[in-house]
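Right, one structure below, let's go through it.
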Amino acid sequence: MISGEKDDTGNLHAWGKMMDSAFEIYQIGLTHYRYNGADGRWIVQYDSPIPDNALLLMEINPLINFQGDVLQNSTFLGRERIGRRKYYKYTLLPGAFDHIAGAYYNNFIYTLWIDKEVPSIYRTEISCRSVNNPESRLVLLFDLYDVNEEIQIEANPL
């Protein structure tokens with residue numbers, strides 16, 4: 001599970017677990033700060049824009065997963081209650097598209113939970129299969145909240 005915040009200028013702070021490894025990163029401008037849990041040290045990389053890491057981008061910027069996708073099929077799965085609210089649940093199958101992680105994964109399936117009262121997307125699940133090992137599956141689950149809320153990210157001096 002990954003948590004994080006990103007401001008309007010592209011600075012971000014993300015933390016959590018990715019592939020069973022704990023991590024924490026900051027991206028301030030072109031400087032990338034990554035905590036190495038194995039030795040307890042921070043790694044600093046200058047002139048290192050975050051767009052070079054496709055898998056990390058999929059997880060920390062969920063909207064990028066929906067850019068440029070061509071819809072092949074959609075299925076209404078019914079209504080689902082989460083907490084006290086009811087959501088419409090859909091499965092979407094994209095057609096041929098240029099996905100940011102397309103070199104590593106294929107067979108993408110999107111599941112959306114749409115809040116019928118607001119209307120907005122509350123939750124998305126993206127599942128796909130590894131190109132090199134079809135038995136291996138990646139599932140990304142995003143809960144979307146505090147959208148368009150102001151955040152402040154600051155780097156602590158080393």
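Since this is a predicted model, take the numbers as computed values, not measurements.
- Side-chain atoms of T124 and Y110, non-hydrogen and from C-beta on, never get closer than 4.5 Å to each other.
- Using a 4.5 Å heavy-atom threshold, the side chains of Y87 and D115 count as touching.
- The line from SG of C128 to CG of N106 is 8.0 Å long, rounded to the nearest 0.5 Å.
- Applying the side chain to side chain donor-acceptor pair (under 3.5 Å) rule to N107 yields no partners; only residues at least two apart in sequence or on another chain are considered.
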Pair up each side-chain donor or acceptor in residues 133-143 with any protein partner under 3.5 Å, not counting sequence neighbours, and list the distances.
{"unit_1": "N133", "atom_1": "OD1", "unit_2": "E135", "atom_2": "N", "d": "3.2"}
{"unit_1": "D143", "atom_1": "OD1", "unit_2": "R123", "atom_2": "NE", "d": "2.5"}
{"unit_1": "D143", "atom_1": "OD1", "unit_2": "R123", "atom_2": "NH2", "d": "3.2"}
{"unit_1": "D143", "atom_1": "OD2", "unit_2": "R123", "atom_2": "NH2", "d": "3.1"}

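- The environment of D8 atom CG is sparse: at most 12 non-hydrogen atoms of other residues, nucleotides or ligands sit within 6.0 angstrom.
- Under a hydrophobic-cluster definition in which Ile, Leu, Val, Met, Phe, Trp and Tyr are linked whenever side-chain heavy atoms come within less than 4.5 Å, directly or via other members, Y88 and I121 are assigned to the same cluster.
- Linking ILVMFWY side-chain heavy atoms closer than 4.5 Å, directly or via other members, places I114 and Y122 in two distinct hydrophobic clusters.
- For E80, the salt bridge (Lys or Arg N to Asp or Glu O under 4.0 Å) partners are K89, not counting sequence neighbours.
- Ring geometry for Y90 versus F76: interplanar angle of 30 to 60°, hence tilted.
- If you chain together hydrophobic residues whose side chains sit under 4.5 Å apart, L92 and L77 never meet in one group.
- Of all heavy-atom pairs spanning G29 and N11, the tightest one is N-OD1, 2.8 Å.
- The environment of R79 atom CZ is sparse: at most 12 non-hydrogen atoms of other residues, nucleotides or ligands sit within 6.0 angstrom.
- In the displayed structure, K116 atom NZ is contacted under 6.0 Å by more than 12 heavy atoms of other residues, nucleotides or ligands.
- Members clustered with L93: I109, by chain and number, using a 4.5 Å side-chain heavy-atom cutoff among hydrophobic residues.
- Taking E24 as the reference, H13 meet the side chain to side chain donor-acceptor pair (under 3.5 Å) condition, with sequence neighbours excluded.
- At least one side-chain heavy atom of Y26 sits under 4.5 Å from a side-chain heavy atom of W42.
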